[in-house]
Asker: 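Pasting in a structure now, in C-alpha cells, and then I'll have a few things to ask.
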Amino acid sequence: MAVKEQQKPAKRTSPGYREKTMVVTRRTYLPIKEKLLYLLTIVACVMVASLIIWQNANIYGLNKETQTVEREIKKSNAEIKKLTVQKQELLNGVRDKAIQLGYQEPTGESINVERSKISSNSTETGTKSETAKK
C-alpha cells in the first residue's frame, strides 16, 4: 500500500500586533412611500379582522335567538299536548255531566222547527211574525 504523506499546515507568523477593524453601521430610515405602504397594509388587516369579528358576532346572535325560539316552541308543544289531553277528558265527561244535570238523551225522533216567512208587506202593515213576538 502506498502511504501518503500528510501535509502539515504552514505555521503563521504573526507580527507583534494585531490589526483590528471596526464596522460602523449607519441606521438608514425608511422612505415615506414605504412607511405609507406598511401603514395601509396594517389598516387593511385591521379592517378585515373587524369585519370577520362583526360577522361572527351577528352569527352568534342569530344562533342565540334560534335557541330561544326553539325553547319556546318546545314549551308551547308541551302545553298543547297538556291542553289536548284536558280537552279529551272534558269531551268524555260531557255526557255524564249532562245526565247529572237532568238532561235527557234525544230519542230517534227528529226535532223540526217551522220558520215563518217574513215579507216586506207584513212589516209595513204592522203584523209581526211569531218569532218576532217572542
Side-chain angles (χ1 to χ4, degrees):
M1 286 197 186
V3 178
K4 282 187 173 181
E5 290 182 24
Q6 293 182 350
Q7 294 178 355
K8 292 185 180 177
K11 286 188 176 180
R12 289 179 146 179
T13 58
S14 61
Y17 64 94
R18 197 168 167 189
E19 190 174 318
K20 293 184 179 179
T21 58
M22 183 183 280
V23 178
V24 177
T25 57
R26 295 178 67 197
R27 184 175 177 140
T28 59
Y29 295 102
L30 295 175
I32 293 177
K33 290 181 181 179
E34 196 170 349
K35 287 179 183 177
L36 288 176
L37 178 66
Y38 290 150
L39 180 66
L40 290 176
T41 303
I42 291 172
V43 168
C45 290
V46 168
M47 289 178 63
V48 169
S50 298
L51 180 67
I52 291 172
I53 291 171
W54 179 73
Q55 286 179 342
N56 285 341
N58 282 342
I59 290 171
Y60 176 78
L62 291 174
N63 285 338
K64 194 75 167 169
E65 190 176 325
T66 303
Q67 289 174 357
T68 304
V69 169
E70 286 177 354
R71 217 175 298 125
E72 289 176 7
I73 289 172
K74 286 181 182 179
K75 286 180 184 177
S76 297
N77 285 339
E79 188 176 345
I80 288 171
K81 287 179 183 178
K82 189 168 83 173
L83 291 174
T84 304
V85 169
Q86 186 179 1
K87 176 186 167 188
Q88 290 298 323
E89 290 173 358
L90 290 174
L91 286 176
N92 292 337
V94 168
R95 181 179 227 163
D96 298 332
K97 186 73 172 179
I99 292 172
Q100 283 178 354
L101 293 173
Y103 292 101
Q104 297 176 356
E105 289 189 44
T107 57
E109 302 172 11
S110 62
I111 301 173
N112 292 327
V113 178
E114 293 183 26
R115 295 185 179 181
S116 62
K117 295 183 180 179
I118 300 176
S119 64
S120 60
N121 293 338
S122 64
T123 56
E124 291 174 2
T125 59
T127 59
K128 295 183 181 178
S129 65
E130 292 179 21
T131 56
K133 290 179 184 177
K134 294 180 183 180

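Throughout, numbering of the chain's residues begins at 1 and tracks the sequence. Side chains are part of it too, since the values below use all heavy atoms of this structure and drop only hydrogens, waters and symmetry mates. From a predicted model like this one, the values you see are computed outputs, not experimental measurements.
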Asker: Within this structure, what is the CE-CG distance for the pair M47 and L40, rounded to the nearest 0.5 Å?
Answerer: 11.0 Å
Asker: Is E79 atom CD crowded by more than 12 heavy atoms from other residues, nucleotides or ligands, each under 6.0 Å away?
Answerer: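 No.
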Asker: Drop me the distance from I32's CD1 to L37's CG, to the nearest 0.5 angstrom.
Answerer: 13.5 Å
Asker: So, taking the atom named OH in Y60 and the one named CD in E65, what distance separates them when rounded to the nearest 0.5 Å?
Answerer: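 Between atom OH of Y60 and atom CD of E65 there are 13.0 Å.
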Asker: Which value, rounded to the nearest 0.5 Å, describes the distance between L62 atom CG and K64 atom NZ?
Answerer: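 So the gap between those two atoms works out to 13.0 Å.
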Asker: Can you tell me how far apart CG (N63) and CG (N58) are? Round to the nearest 0.5 Å.
Answerer: 11.0 Å
Asker: What residues form a side-chain hydrogen bond (donor to acceptor under 3.5 Å, both in side chains) with E72, not counting sequence neighbours?
Answerer: none
Asker: What's the separation between atom CD in Q67 and atom CD in E70, rounded to the nearest 0.5 Å?
Answerer: 7.0 Å
Asker: Has E34 got more than 12 heavy atoms of other residues, nucleotides or ligands less than 6.0 Å from its CD?
Answerer: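 Enclosed: over 12 neighbouring heavy atoms sit under 6.0 Å from CD of E34.
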